[in-house]
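Only one structure is covered here, and it is reproduced in the block below.
The sequence lines fix the lettering, A, B, ..., with proteins before strands; numbering per chain opens at 1. Every value quoted in this text rests on a predicted model; they were computed, and no experiment measured them.
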Protein chains: 2
Amino acid sequence: MNEFNEYFKSAFTVDNVIFGFDEGDLKVLLIKRGEEPYQGKWALPGYFVYPNEDLDMAAKRVLEQLTGLRNVFLEQVKTFGAVNRHPFGRVITVAYFSLIKISYYTIQPSSIARKAQWHSVSKVKDLAFDHDEILRACFHRLKWLVRTRPVGFELLPPKFTLTELQHLYEAILETKLDKRNFRKKILSMDLLVDLDETQEGVAHRPARLYQFDRKRYEELLLDGFSFELKESRRKEPPQSKRGKREIASSN
Amino acid sequence: MNEFNEYFKSAFTVDNVIFGFDEGDLKVLLIKRGEEPYQGKWALPGYFVYPNEDLDMAAKRVLEQLTGLRNVFLEQVKTFGAVNRHPFGRVITVAYFSLIKISYYTIQPSSIARKAQWHSVSKVKDLAFDHDEILRACFHRLKWLVRTRPVGFELLPPKFTLTELQHLYEAILETKLDKRNFRKKILSMDLLVDLDETQEGVAHRPARLYQFDRKRYEELLLDGFSFELKESRRKEPPQSKRGKREIASSN
DNA sequence: CGGGCTAGTGTACAACTGACACTAATCCTG
DNA sequence: CAGGATTAGTGTCAGTTGTACACTAGCCCG
């Protein structure tokens with residue numbers, strides 16, 4: 001056993017990429033570092049794993065201290081262990097990502113949490129450590145996840161419109177989707193419950209509100225869920241007014 | 001910096017799930033442990049990560065010491081860090097998996113390698129440490145991978161028959177596939193080169209030999225590859241001889 | 001009450017999927 | 001050397017799914 005002692009000199013941490021969705025934009029929760037190294041830079045929330053703690057527990061702890069939330073989607077993504085990624089010594093970090101409803105998030109009294117802020121995923125750059133790379137890896141995983149499991153559940157408020165759901169998919173997949181095809185596909189999964197309510201206080205025709213059907217959701221996880229829709233090829237603002245007219249729908 | 005010293009007391013290792021394919025069966029390379037803990041048990045090949053080594057480097061080193069192979073498919077899968085998973089102290093392990101052509105594998109002179117042996121994935125159980133769980137996780141990842149990338153390349157010998165390729169897919173996916181549909185699908189990808197050679201020394205009609213087209217393979221990786229075929233529902237040995245007759249193909 | 005805005009809706013064509021059975025070619029055996 | 005054993009190899013049709021595409025409906029606001 002002594003022959004291995006030289007190896008017991010490293011530390012490991014967890015870092016958590018916390019995704020949320022708001023204002024049609026995919027967001028990630030970052031912390032402004034108050035101390036060295038990388039003081040003043042934005043970083044992913046994370047901490048050392050305690051000696052008596054499993055990895056998943058550590059990730060949950062970090063998430064809860066920051067957001068007050070438990071029982072949310074949380075999954076290990078990848079481990080980063082480049083030799084010099086941390087100036088304090090050999091530290092490898094296990095990256096997790098979680099999906100939360102921003103509307104449920106409340107600022108926690110802990111000192112870390114007071115330095116936290118949501119950032120648009122597409123605009124984030126120049127994070128501390130190798131966190132840019134970690135964020136990219138987690139975003140990539142989220143993109144994959146969205147095809148494999150009905151992800152909206154985790155990120156949207158309990159009641160939402162189909163357009164909101166479509167915007168979420170578009171934000172994650174970084175494409176535009178065709179409205180009619182998207183609706184056809186989503187509704188055919190029998191996953192949404194029509195609440196027979198509509199939006200209020202919007203300056204246009206109000207949209208119907210839906211919620212996810214948790215039971216059906218779990219069925220789909222088992223049966224295999226797969227979401228595939230090509231990017232909409234619709235030309236943006238029609239430059240010619242003279243395209244073939246579509247026959248008006250009559251149903 | 002001193003405040004963190006208590007965390008720098010752990011070690012980490014890599015474990016490598018090395019898959020091969022032989023005799024119609026998916027295999028994994030295991031080592032019989034010569035020392036405690038778990039002496040005499042089969043285990044995944046792995047070792048401590050050296051202080052000056054990145055994770056991927058460590059995984060490559062383990063693979064090469066064992067098989068003599070470099071430049072093979074090798075990917076990180078998941079990190080396992082349960083508090084008591086290792087009796088020597090806090091050791092977390094980063095699991096990798098690799099795909100190799102068994103025919104290229106040669107027993108290396110190193111002492112570890114002499115204790116290595118191929119095992120059918122479906123029969124493996126009761127491994128040392130948490131290696132059963134690690135193997136399951138890697139097999140699961142391989143199942144996913146096979147839908148996403150033309151995996152045969154990595155596991156089959158350079159020349160192979162369509163039936164061998166089909167058996168490989170069946171072994172990984174743990175299903176039966178329909179012969180005609182499988183062939184149609186694979187050939188339509190334009191990924192295989194017909195070598196205009198046939199098997200020799202088989203006691204039946206010899207099959208044509210194919211090889212992968214590396215260039216087309218790389219195109220597919222970029223363009224997005226997706227393999228989906230339902231399990232064949234063909235009834236095994238036809239119990240009734242009186243099913244509807246299929247019209248004989250006339251082309 | 002008209003303009004601005006977003007919601008909401010159907011169809012036709014193309015592409016893909018999946019079910020399904022026999023003949024061809026080789027070796028082996030008696 | 002004929003017949004049996006064994007695996008290779010091949011096409012079509014029907015049903016489903018994917019995709020392109022444009023207008024009317026309903027609300028608020030000025």
Side-chain angles (χ1 to χ4, degrees), chain A residues 24 147 160-167 170 175-189 192 194-210 226-251, chain B residues 24 147 160-167 170 175-189 192 194-210 226-251:
Chain A
R147 290 161 210 266
F160 53 87
T161 69
L162 289 178
T163 303
E164 280 164 0
L165 185 60
Q166 181 177 344
H167 287 339
E170 290 176 341
T175 61
K176 291 276 167 214
L177 299 171
D178 180 272
K179 185 165 42 154
R180 288 190 277 197
N181 293 340
F182 179 82
R183 283 161 184 247
K184 206 191 317 173
K185 176 126 198 171
I186 287 287
L187 292 173
S188 74
M189 290 175 188
L192 301 184
D194 184 338
L195 290 172
D196 256 313
E197 296 175 52
T198 51
Q199 283 180 312
E200 282 170 28
V202 289
H204 55 79
R205 174 173 174 180
R208 300 184 78 81
L209 294 172
Y210 291 83
S226 149
F227 182 88
E228 290 294 346
L229 264 188
K230 278 221 181 105
E231 184 165 1
S232 168
R233 287 191 230 151
R234 201 76 165 266
K235 326 112 187 162
E236 313 295 288
Q239 299 186 330
S240 143
K241 302 257 180 208
R242 236 165 314 136
K244 288 177 215 153
R245 288 297 167 86
E246 181 186 15
I247 297 146
S249 306
S250 57
N251 248 358
Chain B
R147 291 160 207 266
F160 53 87
T161 69
L162 289 178
T163 303
E164 281 164 1
L165 185 60
Q166 182 178 342
H167 287 336
E170 290 176 341
T175 60
K176 291 276 167 215
L177 299 171
D178 180 271
K179 188 167 37 153
R180 287 191 276 198
N181 292 340
F182 179 81
R183 284 162 184 249
K184 206 190 321 174
K185 176 126 200 170
I186 288 288
L187 292 173
S188 75
M189 288 175 188
L192 301 184
D194 184 339
L195 290 172
D196 255 313
E197 294 175 54
T198 53
Q199 283 180 310
E200 282 171 27
V202 290
H204 55 79
R205 171 171 178 180
R208 300 183 78 81
L209 293 172
Y210 291 83
S226 149
F227 181 89
E228 291 292 345
L229 264 187
K230 278 220 179 109
E231 183 165 2
S232 167
R233 289 189 228 153
R234 202 78 165 266
K235 325 109 189 166
E236 312 294 286
Q239 298 186 329
S240 142
K241 303 255 181 212
R242 236 163 315 136
K244 287 176 216 151
R245 288 295 166 86
E246 182 184 14
I247 296 145
S249 305
S250 55
N251 249 0

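If you take CZ of B:Phe182 and C1' of D:dT10, they are 16 Å apart, rounded to a whole angstrom. The distance between atom CD of A:Glu200 and atom P of C:dA7, rounded to the nearest whole Å, is 16 Å. Look at CG on A:Leu187: it is 14 Å from P on C:dA7, rounded to the nearest Å. The nearest whole Å value for the distance from the CG atom in B:Leu165 to the P atom in D:dA8 is 13 Å. Following rounding to the nearest Å, B:Phe227 (CZ) and C:dT17 (P) show an atom-to-atom distance of 10 Å. Rounded to a whole Å, the CZ atom of A:Arg183 is 16 Å from the C1' atom of D:dC21. Atom CD of A:Gln199 and atom P of D:dA25 are 20 Å apart (whole Å). Protein atom CG of B:Leu177 is 16 Å distant from nucleotide atom C1' of C:dC20, rounded to whole Å.
Counting any heavy atom pair closer than 4.0 Å across all strands shown, B:Lys184 reaches a base atom. Counting non-hydrogen atoms under 4.0 angstrom, B:Thr163 reaches the backbone sugars and phosphates but no base. Nucleic acid contact for B:Arg208: sugar-phosphate only, since backbone atoms but no base atoms lie under 4.0 Å from a heavy atom of the residue. Across all strands, B:Leu229 comes closer than 4.0 Å only to sugar-phosphate atoms, never to a base (heavy-atom distances).
Checking D:dT10, D:dC29, C:dT26 against the side-chain heavy atoms of A:Ala203 singles out D:dC29 as nearest. For B:His204, counting side-chain heavy atoms from C-beta on, the closest listed nucleotide (C:dA24, D:dT6, C:dT17) is D:dT6. Here C:dC20 is the nucleotide among D:dA8, C:dT26, C:dC20 with the atom lying nearest to any side-chain atom of B:Asn181.
Atom-to-atom distance recorded for B:Leu229:CG and B:Asp178:CG is 8.0 Å, nearest 0.5 angstrom.
Checking the phosphate oxygens (OP1, OP2) of D:dG18, no side-chain nitrogen or oxygen of A:Lys230 falls inside 4.0 Å. OP1 or OP2 of D:dG18 sits under 4.0 Å from a side-chain N or O of A:Lys185.
Using a 4.5 Å heavy-atom cutoff, the side chains of A:Thr161 and A:Leu209 are in contact. Residues A:Lys179 and A:Arg183 meet the side-chain proximity criterion, which asks for heavy atoms closer than 4.5 Å.
Between the side chain of A:Arg180 and the base of D:dC21, at least one donor-acceptor pair of N or O atoms lies under 3.5 Å.
Nearest-nucleotide assignment on DNA chain D puts the 5′-proximal partner with A:Glu228, out of A:Gly201 and A:Glu228.
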(request) Check the pair B:Lys185, B:Met189 against side chain to side chain contact (heavy atoms under 4.5 Å, CB included), reporting the backbone distance first and the verdict last. (result) CA-CA 7 Å; B:Lys185 176 126 200 170; B:Met189 288 175 188; 4.0 Å; yes
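For the side-chain contact (heavy atoms from CB on, under 4.5 Å) test with A:Gln199, the passing option among A:Arg208, A:His204, A:Arg205 is A:His204; the others fail.
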